[in-house]
Amino acid sequence: MDLALSEEQKMIVDMVRQFVREEIVPLEDQLDPDADELPQDDYDRLVQKVKDMGLYGLDTPPEYGGPDIDLITRCLIAIECSQHRAGLYAPCYYVFGGARQAQLFGATEPQKEKYLYPMLRGEKKVFFGLSEPSGGSDPARAIQTRAVRDGDDWVLNGTKLWISGADRADYGLVFARTGDKGRSGVTCFIVETEWPGFNVRRIVHTLRSAKYATEIQLEDLRVPHDNILGEVGGGFAIANDRLSRQRIPYAAECLGVAIKAHEMAVEYSKIRETFGATLASRQGIQWMLVDNEIDIRTARWLVLDAAAKAERGEPFRTESALAKLVAAEASGRVVDRSMQIHGGLGVAKDLPLERWYREIRIRRIGEGPSEVQKHVVARDILGAGLR
């Protein structure tokens with residue numbers, strides 16, 4: 001695959017890079033190191049600036065008002081957008097439009113009017129409710145939440161865990177079992193958070209500073225049949241497509257942090273002196289920087305290769321899994337080495353390295369843990385019969 005950027009891609013990358021360095025980073029100097037939101041006036045101003053750049057709503061198809069940007073360019077933008085302190089879980093503080101639930105673009109027209117369009121206008125927030133205490137992103141076997149038909153409604157009972165943003169959302173996509181165990185027994189429901197029986201039971205505090213996860217309890221929650229997204233029994237395909245596709249820009253965000261951490265380590269090694277010589281002259285430091293370079297270049301190739309296959313409409317599940325696996329693990333190593341090169345300064349909150357070090361550890365778990373990605377690749381190598 002040719003990794004050379006087109007002239008248009010170079011222009012967009014330069015524009016986003018300048019935006020992050022001139023608009024986002026200076027504002028962060030005035031915020032708490034763990035902040036995940038900008039002051040409202042700054043947020044509104046930067047959203048308008050992004051709209052003027054023609055880059056607002058990156059995950060929104062052009063026919064719904066989003067920019068006409070392919071997935072490769074989307075990943076290049078994600079790499080740039082994460083190169084600031086809050087970049088892993090609040091990339092550019094969502095002034096580029098935030099994450100969308102792409103499944104809703106395939107909803108019925110009444111569903112779009114009620115849920116999709118208000119979300120695109122920024123009037124409603126949505127969550128994605130897949131994971132459960134019985135297992136993570138394995139809806140074929142782990143989902144225990146049940147949905148039973150009762151006239152024109154479905155009654156849902158169960159628990160969801162590790163669900164980001166459910167405490168602030170207006171509605172969400174909830175996956176429940178409507179049939180026997182297996183891929184054909186899961187259905188996706190559009191659930192409003194104000195309905196009786198929907199309860200955010202607790203906030204789950206983790207290493208990351210933004211987007212705390214929640215635990216949701218569903219108790220005799222009645223959902224109209226018209227609020228099924230897709231078809232009864234078609235939930236596995238919806239979840240699987242979302243997870244596989246989302247892992248690619250997710251991996252790109254990890255890569256962006258690694259690139260910035262490596263850049264900081266290189267520059268610091270040139271000016272920091274110990275025992276009469278710069279760190280850059282020490283062979284041990286040089287080896288660490290070379291290892292960083294290898295990790296970054298390997299991850300970048302895998303991320304863009306996965307994006308290219310998905311963009312061409314080719315099967316990309318293996319490539320998506322590899323991109324997420326390698327980018328998350330490699331970025332963690334790069335940030336770790338960069339912290340070591342900075343010494344005591346590396347763990348100070350004056351630099352973004354400390355926050356990145358905490359939050360990058362979660363990236364190996366999010367969007368499917370590294371072990372799950374290895375299993376996906378193993379299945380593709382050995383055949384679907386692997387259990």
Side-chain angles (χ1 to χ4, degrees), residues 13 16-21 23-29 31 33-36 58 74-96 98-99 164 206-211 246-269 288-289 291-304 306-307 323-342 345-367 369-370 373:
V13 167
V16 175
R17 181 175 299 163
Q18 181 179 1
F19 178 86
V20 172
R21 295 182 179 182
E23 300 287 352
I24 299 298
V25 173
L27 285 176
E28 282 188 324
D29 292 339
L31 301 175
D34 285 330
D36 64 338
L58 293 172
R74 173 70 182 87
C75 287
L76 294 171
I77 293 174
I79 289 172
E80 299 299 326
C81 283
S82 63
Q83 294 186 37
H84 61 95
R85 190 188 303 273
L88 276 175
Y89 285 101
C92 286
Y93 297 92
Y94 314 113
V95 299
F96 281 81
S164 297
T206 60
L207 289 170
R208 64 187 178 184
S209 302
K211 281 190 177 179
Q246 182 61 26
R247 285 180 184 126
I248 304 174
Y250 186 93
E253 291 171 354
C254 296
L255 180 56
V257 165
I259 290 171
K260 189 61 179 179
H262 180 47
E263 177 185 299
M264 292 171 61
V266 170
E267 293 305 313
Y268 187 73
S269 71
M288 293 171 73
L289 294 174
D291 286 340
N292 279 359
E293 194 72 26
I294 292 171
D295 274 334
I296 289 170
R297 293 193 184 205
T298 302
R300 184 175 185 271
W301 194 96
L302 288 169
V303 168
L304 297 184
K324 193 273 173 181
L325 169 65
V326 174
E329 298 286 350
S331 297
R333 293 192 295 267
V334 171
V335 172
D336 188 16
R337 295 188 198 106
S338 298
M339 285 185 69
Q340 293 181 58
I341 291 172
H342 279 80
L345 186 60
V347 296
K349 289 195 173 185
D350 293 343
L351 297 181
L353 293 169
E354 183 273 340
R355 179 169 177 175
W356 291 342
Y357 181 77
R358 279 183 283 127
E359 296 189 338
I360 198 67
R361 296 169 69 87
I362 298 185
R363 303 293 281 204
R364 71 178 303 277
I365 300 172
E367 298 298 328
S370 294
Q373 307 313 315

Over all heavy atoms of both residues, which pair between [X] and [Y] is shortest? Give the atoms and the distance, please.
X      : Y      : result
Ala328 : Cys254 : CA-SG, 4.2 Å
Cys92  : Val20  : SG-CG2, 3.7 Å
Tyr250 : Ile362 : OH-O, 4.2 Å

Would you sort out whether Tyr94 and Tyr89 count as a ring-ring contact (aromatic ring centres under 6.0 Å, His included), showing the intermediate values? CA-CA 10 Å; Tyr94 314 113; Tyr89 285 101; over 10 Å; no
With a 3.5 Å distance limit and no angle check, can you tell me whether [X] reaches the backbone of [Y] through a side-chain donor-acceptor pair?
X      : Y      : value
Trp356 : His84  : yes
Arg355 : Pro33  : yes
Glu28  : Ala86  : yes
Thr298 : Asp295 : no
Lys324 : Arg364 : yes
Ser82  : Gly87  : no
Ser338 : Ala261 : yes

Ser370: side chain to side chain donor-acceptor pair (under 3.5 Å) partners, not counting sequence neighbours: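 Listed in chain order: Glu329.
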Sequence neighbours left out, what passes side chain to side chain donor-acceptor pair (under 3.5 Å) with Glu293? Give chain and number order.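 If we apply the side chain to side chain donor-acceptor pair (under 3.5 Å) test to Glu293, skipping adjacent residues, the hits are His262, Arg297.
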Between [Y] and [X], does any NZ, NE, NH1 or NH2 come within less than 4.0 Å of an OD or OE carboxylate oxygen?
X      : Y      : result
Glu263 : Arg21  : yes
Glu359 : Arg363 : no
Asp36  : Arg85  : no

Can you confirm if the NZ or CZ of Arg361 lies within 45° of the ring axis of Tyr357 and under 6.0 Å from the centre of its six-membered ring?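 Cation-pi check for Arg361 and Tyr357: passes.
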For Val347 and Met339: C-alpha separation, side-chain torsions, deciding distance, then whether side-chain contact (heavy atoms from CB on, under 4.5 Å) applies. CA-CA 7 Å; Val347 296; Met339 285 185 69; 3.2 Å; yes
